[in-house]
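Have a look at the structure below before the remarks.
Whatever order the structure lists them in is the order used to number ligands and atoms, beginning at 1. Only this structure's heavy atoms are used, side chains among them; waters, hydrogens and symmetry mates stay out. In this text the structure is predicted, and so the values were computed from the model without any measurement.
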Amino acid sequence: MRVTSVDLLRVKLPLVHAFRTSSHGKSSLEHILVKLTDADGRESWGEIASPAAPYYSGETTDTCWLMAERYLAPMLLGLDWEHPREVSAAFAKVRGNGFAKAGLDAAVWTLFADAQDVPLSAALGGSRTQVESGVSLGIEDSIDALLEQVSLQVDHGYNRVKLKIAPGWDVDPVREVRDAFPEIDLQVDANGAYRSEPDHLAALIALDELGLQMIEQPFAPRALIAHAVLQQRIETPICLDESIDTVDDLETALRLDAGRIVNIKVSRMGGLTAAIAAHDLALAEGVPAWCGGMHEFGVGRAVNVAIASLPGFTLTSDVSGSDKYYARDVTTAPIVAVKGMVAVPTDAGLGFTVDQAWVGENTVQSARVLAG
Ligand code: OSB
Ligand code: MG
C-alpha cells in the first residue's frame with residue numbers, strides 16, 4: 001500500500017470539566033488529527049494525543065507537529081508497505097517521540113483494516129464485543145468536590161474509578177471516597193509525584209490499607225528500583241504507566257518486579273504495533289494489563305476501544321464515553337459507555353466517522369505533506 005498525502009490538523013476542544021494531575025491542570029486540549037489518503041483514494045484517521053506541555057512525557061503538541069511533519073510523514077510517504085508493522089519498523093529509526101509515531105501508526109492500521117474490510121479490533125487480534133471502562137478523576141479543590149465527581153460518575157454507571165493523587169492529596173481523599181463508595185473498584189495514579197523519602201513512603205504504605213486495585217506510577221518514570229522496593233513492602237499491586245515506553249521497558253520492569261500490572265497506552269508506546277507486543281508479553285507472563293488513555297478525542301478513543309478488545313486486557317480500561325470529556329466530540333457519533341461498557345464497533349476500519357465540518361471549525365493549524 002502507498003500513502004499519497006498526510007494531513008495534520010491541530011484541533012482544540014474545551015473539556016467539560018477541568019482536569020488536574022500531580023503535575024498540571026487543563027481546561028481545553030489540543031490534539032493533532034492525522035488524515036491519510038492512499039493511492040486508491042481511501043482515507044483514514046489517527047490522533048496524536050500528546051499533552052500540550054512536557055509534564056507527562058517529554059513530548060509536546062509542538063514537538064509532535066515537528067516530528068510528524070519533518071520526519072514521520074515523509075518516511076511514510078516514501079514507503080511501499082503490506083502490513084502496518086513495516087511502518088512501525090521504519091519509524092523505529094526515529095528515537096523516542098512515541099506520541100507523534102502513535103498518531104500516524106493508528107491511521108496506518110485503520111487504513112489497513114479498511115482495505116481488508118475488517119473492523120480495526122479484528123485486524124489487531126481483538127475478540128471482545130464490548131470493553132469495560134472506568135473513569136479517571138483529577139485532583140479537586142476539596143474532598144467534597146471530589147466526592148461529588150465520584151457520585152456523578154457512579155450514577156452514570158461506571159463501577160471503576162481512578163483518582164489522581166499527589167503528596168498532600170492522597171490518604172485522606174482516597175479514604176473518604178473508599179468509605180462513601182465501598183462497592184466500587186478504586187485505584188490511584190500519582191503520575192510519578194512521589195520520592196523514596198519517609199513522608200512519601202508513609203503515605204504510599206498507608207494507601208495499602210484501603211483495598212485499592214492498584215497504585216499507578218508512584219515514582220518517576222526511570223525509578224524502577226524504587227518501584228521494586230516499594231512493591232516488596234505493600235500488598236497492593238503497583239501499576240506502571242510512564243515507566244513503560246517500549247516492550248524492553250516492560251521486560252525489564254517485570255524482571256525487577258517493579259510492578260505487577262501494566263497500563264498499556266497506545267500513545268505512550270508509539271503505536272498499536274508496540275502496544276500489541278506489550279499486550280502479548282503481559283499475557284504470556286500472566287501480568288494483568290489494561291488500556292490507558294490520554295483524554296483522546298473520538299479518533300484516538302475509538303483506537304483505544306479497538307485494542308482493549310484483545311484478550312490480555314483483563315482489567316477495566318480508561319476508555320470512558322466521549323461525554324466524560326467533550327460536549328461534542330470529533331466523530332459524528334460519540335463513543336458511548338452504558339453501565340461502564342463500551343461496544344466494540346463491527347464496521348470495517350475505525351467504525352466511527354470523523355465529523356469533518358466540526359473538525360474544520362475547531363482546527364487551529366493545518367499542514368499537508370505530499371510524496372516526493
Ligand atoms: O496518567 O493516565 C494518566 C490523562 C493525561 C495524562 C496522564 C494520564 C491521564 C489519564 C486520563 O488518566 C485517562 C483517560 O483518558 O480517560
Ligand atoms: Mg497514569
| task | Apply salt bridge (Lys or Arg N to Asp or Glu O under 4.0 Å) to K265 and D318, showing your working. | result | CA-CA 10 Å; K265 280 186 191 170; D318 271 349; over 6 Å; no
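Exactly one residue among T363, D62, T61 makes a side chain to side chain donor-acceptor pair (under 3.5 Å) with R10. That residue is D62. The only member of Q232, Q231, H227 that meets side chain to side chain donor-acceptor pair (under 3.5 Å) when paired with D257 is Q232.
Atom 13 (C) of ligand 1 has as its closest protein heavy atom D318 OD2, 3.5 Å. Annotation: atom 16 (O) of ligand 1 to nearest protein heavy atom, Y325 OH, 2.8 Å. The protein non-hydrogen atom at the shortest distance from atom 12 (O) of ligand 1 is S136 OG, 2.9 Å. Scanning the protein for heavy atoms near atom 5 (C) of ligand 1, the closest one is M294 CE, 3.7 Å. With hydrogens left out, the protein atom closest to atom 15 (O) of ligand 1 is H295 N, 2.7 Å, a heavy atom.
The shell of residues lying under 4.0 angstrom from ligand 1, judged by heavy atoms, includes K164. The shortest heavy-atom distance from Q217 to ligand 1 is not under 4.0 Å.
Using a 4.0 Å cut-off between charged nitrogen and carboxylate oxygen, K35 and E43 count as a salt-bridge pair. Using a 4.0 Å cut-off between charged nitrogen and carboxylate oxygen, R160 and E132 do not count as a salt-bridge pair.
Counting atoms of ligand 1 from 1 in the listed order, those under 4.0 Å from a heavy atom of K162 are 2 (O), 3 (C), 12 (O). Each of the following atoms of ligand 1 lies closer than 4.0 Å to a heavy atom of Y56: 1 (O), 6 (C), 7 (C). Counting atoms of ligand 1 from 1 in the listed order, those under 4.0 Å from a heavy atom of K265 are 1 (O), 2 (O), 3 (C), 7 (C), 8 (C). Of all atoms in ligand 1, numbered sequentially from 1 with element shown, those under 4.0 Å from a heavy atom of N191 are 1 (O), 3 (C), 7 (C).
No donor-acceptor pair under 3.5 Å is formed between the side chain of H156 and the backbone N or O of Y158.
Within the 4.0 Å heavy-atom criterion, the part of D189 lying near ligand 1 is the side chain and not the backbone.
Here's the thing with D241: one of its N/O atoms is less than 3.5 angstrom from an N/O atom of ligand 1.
In this pair, Y325 and H295 present their aromatic rings tilted. The plane angle is within the 30 to 60° band. Ring geometry, W109 versus F112: the interplanar angle exceeds 60°, so the pair is classed perpendicular (tilted spans 30 to 60°).
Criterion: ILVMFWY side-chain heavy atoms under 4.5 Å apart, direct or through other members. Under it, I244 and L256 are part of a common hydrophobic cluster.
Sorted by chain and number, the protein atoms of type N, O or S within less than 2.8 Å of the Mg ion (ligand 2) are D189 OD2, E216 OE2, D241 OD2.
Considering all non-hydrogen atoms of both residues, R268 and D245 come closest at CG-OD1, 3.5 Å.
Judged as a side chain to side chain donor-acceptor pair (under 3.5 Å), not a single pair has a partner in residues 111-128 (not counting sequence neighbours).
Neither side chain, Y71 nor N97, offers a donor N or O lying under 3.5 Å from an acceptor on the other.
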